*Asks:* 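This is the structure I want to talk about, given as structure tokens.
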2 protein chains.
Amino acid sequence: MDPGTNVLDLSQLRRSCSSCALSELCLPAGIGNDDLERLDTAVRDKRTLDRGGMLYRDGDPFEALYVVRSGSLKTFVLDDSGDVQILGFHLPGEIIGFDALASNQHVSQAEALERSSICELPYARLQQVTSEVPALHRQLMRVISREVIEEHRHLVMMGRQQAQEQLAIFLKSLADRYQRLQRDSTALTLSMSRYDIANYLGLVVETVSRLFSRLEEMGVLEVNRKSVRICRPDLLAELCRSSGVPASKRRDAG
Amino acid sequence: MDPGTNVLDLSQLRRSCSSCALSELCLPAGIGNDDLERLDTAVRDKRTLDRGGMLYRDGDPFEALYVVRSGSLKTFVLDDSGDVQILGFHLPGEIIGFDALASNQHVSQAEALERSSICELPYARLQQVTSEVPALHRQLMRVISREVIEEHRHLVMMGRQQAQEQLAIFLKSLADRYQRLQRDSTALTLSMSRYDIANYLGLVVETVSRLFSRLEEMGVLEVNRKSVRICRPDLLAELCRSSGVPASKRRDAG
DNA sequence: CGCTTCGTTGAACAGCTTCAAACCTTGTGG
DNA sequence: CCACAAGGTTTGAAGCTGTTCAACGAAGCG
């Protein structure tokens with residue numbers, strides 16, 4: 001999408017957590033210089049994926065965790081009948097692959113939504129480094145839990161009935177992550193298809209399409225195919241709670 | 001509910017993974033006798049919770065993981081407006097509390113659905129023991145991933161639109177877990193309220209109630225308040241896939 | 001340029017929700 | 001022990017949201 005980030009100088013980026021712009025959003029966050037060098041030893045050569053390229057598939061042996069360096073991916077599971085459920089979309093600085101931590105093989109799949117580059121962290125080496133660097137271990141745990149919390153958020157979102165609120169939350173989540181990346185959080189580029197968004201939210205394409213149109217009519221967004229401009233972030237934030245959960249679905253604490 | 005399991009001989013159960021009937025479903029699975037004794041040293045005194053009692057709350061400091069020994073619990077998150085989303089129901093042998101692994105404080109809550117007894121695994125001690133017993137570490141990881149996979153299942157379920165299918169999947173999941181516990185998997189005792197079930201599935205109470213009635217009319221179930229008899233497990237299994245995802249929500253691999 | 005896939009829009013339909021009321025259970029106090 | 005209150009559960013009827021089916025326009029790709 002953005003030519004500036006697509007043309008990566010790979011040689012410069014190789015093995016250089018220290019010099020990586022994502023450093024503060026990624027595993028190195030809060031790690032001292034000495035330890036950072038050790039982390040670098042755990043990072044294998046980067047991989048580049050084209051749109052549609054698979055990072056890992058269901059059943060693949062667990063070899064590494066992966067950090068999105070540029071581009072974006074989606075993760076999803078297939079049920080018995082081959083239906084897809086998208087679990088999440090992943091932007092630079094986000095780590096994926098935890099699903100295989102235990103059974104030693106992946107139980108989900110990760111696919112690039114656009115040309116993306118990935119940092120590979122072979123688990124064996126990573127484990128060794130984390131055992132030597134407690135701060136890194138804590139940081140890794142923090143990242144794992146961020147993942148779990150994100151899944152809870154996804155569940156909460158799908159538990160709500162109002163489709164418009166779901167889409168608002170989805171867009172706001174993207175905007176927030178754009179901000180962390182120091183991108184313009186009012187100018188989103190949706191690398192995923194409408195089908196993907198619909199699946200992620202538990203809706204059908206038509207509904208998502210109509211919702212985009214409705215939000216545009218309301219003056220909240222300006223939608224042009226894959227690029228979404230958030231004209232009224234305040235209104236969008238409002239929509240995330242306001243329309244709210246129907247009274248009968250509410251269930252206050254206790 | 002069942003007087004035989006409610007009247008626990010606590011003194012006999014204290015610190016005795018070795019003698020625990022849940023052993024094969026729980027952390028000790030596949031652990032040798034020597035190592036089992038060391039695991040026992042990581043188990044603090046058991047706790048008993050009455051119906052409605054909280055095991056941990058949002059924001060509580062992370063101190064331990066918990067194994068359900070008898071009874072059952074629900075875990076849930078509260079969103080900003082105080083709305084509940086139930087994440088799961090937990091039967092004996094299941095481990096909860098992972099949500100706090102990273103931020104060092106819980107980001108969800110756990111509440112007993114009936115009188116329940118809990119094994120407490122203080123994390124500091126557990127960590128020490130797992131570092132000494134690799135098999136235990138692997139087993140713990142396996143259990144964590146079971147949790148992640150279960151959440152994926154929950155997402156897949158909520159992504160489907162057909163309420164009847166969701167309820168069928170929910171009941172089948174309970175039945176399967178009953179079987180693992182060597183209970184009669186055709187005679188379920190629903191310790192959670194209809195409100196809880198509805199919330200878990202993203203529906204309203206009335207819909208759940210009607211679905212129970214419908215499944216009864218269909219001859220699949222016999223429902224009597226909290227006790228559900230599965231008359232036709234085959235039909236129930238059928239309902240879990242058959243009605244299926246509407247074509248427009250399907251999205252085959254790729 | 002034709003093909004395919006993606007995205008949008010319209011109209012009818014279905015399923016779940018909403019609102020309302022009744023029933024049953026449980027617990028409390030007279 | 002019974003009356004009463006409170007909450008959980010069930011059932012009915014109406015309304016609304018999202019789905020389904022269908023058609024068309026736009027973009028990407030051989």
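Keep in mind the model is a prediction, meaning the values are calculated, not measured. Residue numbering restarts at 1 for every chain, and letters A, B, ... go by the order of the sequence lines.
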*Asks:* Among side-chain atoms of His152(B) and Glu151(A), is any donor-acceptor pair under 3.5 angstrom?
*Replies:* yes

*Asks:* May I ask you to evaluate whether Arg225(B) reaches the phosphate of dT25(C), defined as a side-chain N or O under 4.0 Å from OP1 or OP2?
*Replies:* no

*Asks:* Please give, in whole Å, the distance from dG18(D) P to Asn199(A) CG?
*Replies:* 17 Å

*Asks:* Please tell me if Thr207(B) has a side-chain N or O lying less than 4.0 Å from either OP1 or OP2 of dG15(C).
*Replies:* no

*Asks:* I want to check one thing: is the phosphate of dT17(C), taken as OP1 and OP2, less than 4.0 Å away from some side-chain N or O of Gln162(A)?
*Replies:* no

*Asks:* Are Ser72(B) and Ser191(B) linked by a side-chain donor-acceptor pair shorter than 3.5 Å?
*Replies:* yes

*Asks:* Please report the distance, rounded to the nearest Å, between CD1 in Ile197(B) and C1' in dG8(D).
*Replies:* 12 Å

*Asks:* What I want to check is whether an N or O donor and acceptor connect the side chain of Gln164(B) with the base of dC16(C) at under 3.5 Å.
*Replies:* no

*Asks:* With distance as the sole criterion, do the side chain of Arg210(A) and the base of dG10(C) form a donor-acceptor contact below 3.5 Å?
*Replies:* yes

*Asks:* Consider the side chain of Glu206(B), meaning its heavy atoms from C-beta on, and name the nucleotide among dT9(C), dC19(C), dT20(D) that approaches it most closely.
*Replies:* dC19(C)

*Asks:* Closer than 4.0 angstrom, basic N to acidic O: yes or no for Arg180(B) and Asp176(B)?
*Replies:* no

*Asks:* Taking only side-chain nitrogens and oxygens of Lys226(B), does any of them come within less than 4.0 Å of OP1 or OP2 of dT9(D)?
*Replies:* yes

*Asks:* Tell me the interatomic distance from Arg214(B), atom CZ, to dG12(D), atom P, rounded to whole angstroms.
*Replies:* 13 Å

*Asks:* Taking only the side-chain heavy atoms of Tyr195(A) (C-beta and beyond), determine which of dG7(C), dC16(C), dT9(C) contains the nearest atom.
*Replies:* dG7(C)

*Asks:* Please report the distance, rounded to the nearest Å, between CZ in Phe212(B) and P in dG8(D).
*Replies:* 16 Å

*Asks:* Does a side-chain N-to-carboxylate-O contact under 4.0 Å join Glu165(B) and Arg160(B)?
*Replies:* yes

*Asks:* Rounded off to whole Å, could you give me the CG-to-P distance for the Leu190(A) and dC6(C) pair?
*Replies:* 16 Å

*Asks:* Output the rounded distance in Å from CE (Met158(A)) to C1' (dG18(D)).
*Replies:* 14 Å

*Asks:* What integer distance in Å separates Glu165(A):CD from dC16(D):P?
*Replies:* 20 Å

*Asks:* Does a side-chain N or O of Ser209(B) approach OP1 or OP2 of dT10(D) to a distance below 4.0 Å, or not?
*Replies:* yes

*Asks:* Taking only side-chain nitrogens and oxygens of Ser193(A), does any of them come within less than 4.0 Å of OP1 or OP2 of dC6(C)?
*Replies:* no

*Asks:* Whole angstroms only, please: what is the CG-C1' distance between Leu211(A) and dG18(D)?
*Replies:* 9 Å

*Asks:* Which of these passes ring pair (Phe, Tyr, Trp, His ring centres under 6.0 Å) with Tyr200(A): Tyr195(A), Phe89(A), Phe76(A)?
*Replies:* Phe89(A)

